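Please read all numbers here as calculations on a predicted model, not as lab measurements. So that the names make sense, note that chain A is the first sequence line, chain B the second, and so on, each numbered from 1.
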Amino acid sequence: MKQRVSALLREKFGREVVLEKPRDRSFGHFATPIAFSLAKELKQSPMKIADELASSFEDSNVFGKVDSVKGYLNFRLSEDFLSEYAAWALQNPHEFAKGEKKEKILLEFVSANPTGPLHIGHARGAVYGDTLYRLAKHLGYDITAEYYVNDAGNQIDLLGLSIQLYGRENILKESVEYPQSYYRGEYLAPLALEAVEKFGIEILSDESRQKELAIWAKDGVMEIIKRDLGATNIFFDTFVYESSLYDDWERVMAKMGEGIYKKDDKIFIASSQKGDDSDRVVVREDGRPTYLAGDIVYHNQKFERGYDHYINIWGADHHGYIARVKAAVEFLGYDSSKLEVQLSQMVSLLKDGEPYKMSKRAGNVILMNDIVEEIGADALRFIFASKKSDTALEFDLAEFKKQDSSNPIFYIQYAHARIKTLLLKSDLSEEEIMAATLKNLDEAADILMFDALLLPEIVEDAFATRQVQKLPEYLKSLAASLHKFYYDCRIIGTEDEAKLLKLLMIVGLSLKTGLSLMGIAAKDYMSKEEE
RNA sequence: GCGUCCGUAGCUCAAUGGAUAGAGUUUCGGACUUCGGAUCCGACGGUUAUAGGUUCGAGUCCUAUCGGGCGCACCA
């Protein structure tokens with residue numbers, strides 16, 4: 001819709017025209033301040049220019065009315081245009097808001113180490129990434145969701161140690177001393193038990209078998225992670241294991257050429273030449289690669305697989321890391337501007353106004369799964385998609401358990417359910433409803449229909465700017481419009497029943513499509529939960 | 001100290017450089033002869049941290065200051 005208008009105006013003015021929402025809906029559907037920018041070039045007052053422009057649109061079949069107010073041009077779409085578009089959307093519900101983008105994108109997110117269950121910080125990146133993924137798919141992009149599994153390095157050895165310690169304390173009933181860094185949490189219990197079953201009880205006490213234990217256990221941890229993600233409706237197309245990449249190490253090093261040098265028996269990357277603060281160690285004196293080494297091979301592999309664009313979603317604590325990975329990409333001979341890194345910031349939780357208590361059993365972190373169990377996957381997804389991902393977020397769990405308008409996810413679902421209920425109550429058949437024409441609507445109905453038809457540009461904009469919160473914002477406001485309309489206007493039994501139901505079907509389609517892009521299924525009825 | 005993200009209503013958050021800075025929540029006051037009142041309406045609430053600058057126009061861009069988060073490993 002907006003694209004159509006935008007294209008028309010571009011043609012007319014020979015330039016990109018800024019389109020925005022009018023200050024007041026009674027002004028029209030779209031507005032543009034173009035007269036202000038033209039004022040300077042034409043050396044005329046913006047008001048005069050706007051007046052002249054307004055009258056030049058008189059015979060358009062897209063616009064019903066174009067007028068100028070204080071230098072702004074306001075456009076009202078014609079009834080024909082709107083009603084035809086709405087009818088098309090209802091006949092092709094799966095095509096609604098879809099795009100025809102062709103780019104091939106690799107989206108990497110979560111990528112949490114396989115050493116324990118996901119915590120609340122991971123959850124934010126996971127939801128953000130998955131929402132972007134759904135938006136991109138809908139827009140037509142050929143996008144791949146990828147999880148990078150860091151299954152090499154110290155943290156994996158630590159997993160082996162942690163299972164041993166857990167087993168020695170809880171199975172062998174030894175008293176053990178815990179070193180500073182080790183993993184703790186209930187998830188270790190089944191792993192320890194299974195390990196004993198599989199390898200024998202000796203595995204718990206034999207330090208030389210830590211690595212063997214860890215390599216086995218990481219698959220079990222990955223299953224836990226996948227289960228938690230799946231419970232939140234998040235799935236990946238591909239998993240790349242760090243351990244599988246090192247065979248390629250020599251070749252990738254050679255590819256880096258000048259970008260790499262040896263000093264004091266260590267290997268450095270000359271990342272300071274590419275904007276990093278200093279050069280970084282890639283291989284230590286003892287020959288063990290650093291964390292960065294894995295990322296270099298991994299990014300080389302990504303670029304060799306050949307995508308048009310790469311998006312990485314990292315926790316904000318990794319932001320200092322961007323420069324060195326980009327430097328590596330450059331040294332490998334690729335265009336680092338194709339690599340985009342989105343950061344997701346910290347999350348802090350409240351419950352009834354008090355800081356949420358971390359459970360000691362879980363190892364003093366808030367587990368994603370605990371929150372899902374407490375408020376449900378839909379609410380979790382909604383919260384995390386609702387806030388700009390690059391700003392810190394604080395929210396109160398209690399708010400998302402309420403069954404009223406203070407809970408946005410409930411409010412939106414209720415709007416959708418109301419529409420479904422009306423359609424059930426009506427005696428009209430679907431054919432009769434679809435046969436109605438959406439013309440001669442009153443002001444309120446016209447606004448509601450227009451709002452519902454805005455979804456396509458919201459989807460496009462949310463993905464283009466990577467600001468997924470635009471979608472939930474939109475859904476909230478559309479739900480509010482629906483509730484208000486419902487309150488003000490009687491539908492069943494009126495002479496406009498078919499027309500109004502058709503209008504509500506558009507709203508329902510928009511809500512349902514929007515929710516599904518957030519990984520949330522729209523509800524057809526609401527069941528009141530017993531406390 | 002350096003880098004980076006941020007600072008908007010009492011609280012949690014919105015606002016492609018555009019018209020009168022918006023929602024929810026809180027507090028107070030209204031609407032049930034009613035398609036689901038699980039809803040709706042109204043009021044209160046702001047010098048957009050501060051000071052300059054650019055612009056026809058700044059919450060948004062630039063500079064400085066103040067305040068906060070996160071980084072600043074041969075850890076991942």
| request: Could you give the distance separating B/rU47 and B/rG22 at their P atoms, to the nearest angstrom? | output: 15 Å

| task | Both distances under 3.5 Å, Watson-Crick or G-U wobble: on that basis, could you give the dot-bracket string for RNA chain B, with [ ] for crossing pairs and | for other-strand partners? | result | (((((((..((((....[...)))).(((((.......))))).....(((((..]....))))))))))))....

| Heavy atoms under 4.0 Å, any strand shown: does A/K476 hit a base, just sugar-phosphate, or nothing? | nothing

| Can a donor-acceptor pair be found between the side chains of A/Y414 and A/S405 at a distance below 3.5 Å? | no

| field | Selection: residues 318-328 of chain A, any non-hydrogen atom under 4.0 Å of RNA chain B | value | A/H318, A/H319, A/G320, A/Y321

| request: Indicate yes or no: does A/E146 engage A/K302 in a salt bridge with an N to O separation below 4.0 Å. | output: no

| said: Considering every strand and a 4.0 Å limit on heavy-atom distances, what is the contact class for A/R490: base, sugar-phosphate, or nothing? | reply: base

| said: Any base atoms under 4.0 Å from A/D265, or only sugar-phosphate, or nothing? Heavy atoms, all strands. | reply: nothing

| message | Classify A/P408 by what it touches in the nucleic acid, base, sugar-phosphate, or nothing, heavy-atom distance under 4.0 Å. | response | nothing

| Which residue lies more 5' along RNA chain B, comparing A/D390 with A/D404 via nearest heavy atoms | A/D390

| message | Please report the distance, rounded to the nearest Å, between CG in A/L118 and P in B/rA76. | response | 20 Å

| request: Verify whether one side chain among A/E432 and A/S429 offers a donor that lies under 3.5 Å from an acceptor in the other. | output: yes

| task | Pick out which of A/Y291, A/Y298, A/Y241 makes a side chain to side chain contact (heavy atoms under 4.5 Å, CB included) with A/N150. | result | A/Y291

| task | For A/A31, answer base if it contacts any base atom (sugar-phosphate contacts may also be present), sugar-phosphate if it contacts only those atoms, and nothing otherwise; contact means non-hydrogen atoms under 4.0 Å. | result | base

| Once you round to the nearest 0.5 Å, how far does OH of A/Y148 lie from CD of A/E108? | 8.5 Å

| task | Would you check if A/Y72 stacks with the base of B/rA19, given a 5.5 Å centroid limit and a 30° plane limit, both strict? | result | yes

| request: With P as the reference atom in both, quote the distance from B/rG52 to B/rG71 in angstrom, rounded to an integer. | output: 35 Å

| said: Applying a 4.0 Å non-hydrogen cut-off, can you work out what A/E242 is touching in the nucleic acid: base, sugar-phosphate, or nothing? | reply: nothing

| message | Do the side chains of A/E460 and A/K2 get close enough for a salt bridge, i.e. N-O under 4.0 angstrom? | response | no

| What nucleic acid atoms does A/S406 come within less than 4.0 Å of, heavy atoms only: base, sugar-phosphate, or nothing? | sugar-phosphate

| request: With RNA chain B as reference, determine whether A/Q155 or A/A392 sits nearer its 5' end, using the nearest nucleotide of each. | output: A/A392

| Ring centre gap for A/F109 and A/Y147 strictly below 6.0 Å | no

| Near-ring test A/H29/A/F450, centroid separation under 6.0 angstrom | yes

| task | Using a 4.0 Å heavy-atom cut-off across all strands, classify A/F395 as base, sugar-phosphate, or nothing. | result | nothing

| query | Is NZ or CZ of A/R466 both nearer than 6.0 Å to the six-membered ring centre of A/F463 and within 45° of the ring axis? | reply | yes

| query | Which whole number of Å gives the distance between the C1' atom of B/rG3 and that of B/rG46? | reply | 33 Å

| Has the side chain of A/D317 got a donor or acceptor atom sitting under 3.5 Å from an opposite partner on the base of B/rA76? | no

| query | What distance, rounded to whole Å, do you find between the two P atoms, one in B/rU4 and one in B/rA9? | reply | 26 Å

| Across the strands shown, which category fits A/T465 at heavy-atom distances under 4.0 angstrom: base, sugar-phosphate, nothing? | nothing

| task | Answer yes or no: is there an ion pair linking A/K326 with A/E340, defined by an N-O contact shorter than 4.0 Å? | result | no

| query | Rounding to a whole Å, what distance do you find between A/K218:NZ and B/rA76:C1'? | reply | 16 Å

| Sub-3.5 Å donor-acceptor pair from the side chain of A/S426 to the main-chain atoms of A/L422, do we have one? | no

| field | Pairwise C1' distance, B/rA43 and B/rG7 [rounded to whole Å] | value | 29 Å

| said: Need one value for A/L393: base, sugar-phosphate or nothing, where a base atom within 4.0 Å counts as base even if backbone is also close, heavy atoms only. | reply: sugar-phosphate

| field | Sugar-phosphate only, base, or nothing, as touched by A/A316 at under 4.0 Å among non-hydrogen atoms | value | sugar-phosphate

| query | At under 4.0 Å between heavy atoms, what does A/Q345 touch on the DNA or RNA strands: base, sugar-phosphate, or nothing? | reply | base

| request: Determine, for A/D67 against A/K65, whether the closest basic-nitrogen to carboxylate-oxygen distance falls under 4.0 angstrom. | output: yes

| task | Give A/V283 one of three labels, base, sugar-phosphate or nothing, depending on what nucleic acid heavy atoms sit under 4.0 Å from its own. | result | nothing

| message | Taking 4.0 Å as the cut-off, does a side-chain nitrogen or oxygen of A/K70 come that near to OP1 or OP2 on B/rG18? | response | no

Pairs: protein N or O with nucleotides 26-30 of chain B N or O, under 3.5 Å:
none

| message | By nearest atom, which of the nucleotides B/rA76, B/rG18, B/rA15 is closest to the A/N154 side chain? | response | B/rA76

| task | Using a cut-off of strictly less than 4.0 Å, decide whether A/T391 has a side-chain nitrogen or oxygen near OP1 or OP2 of B/rG7. | result | no

| message | Assess whether a salt bridge exists between A/R288 and A/D286, defined as any Lys/Arg side-chain N lying under 4.0 Å from an Asp/Glu carboxylate O. | response | yes

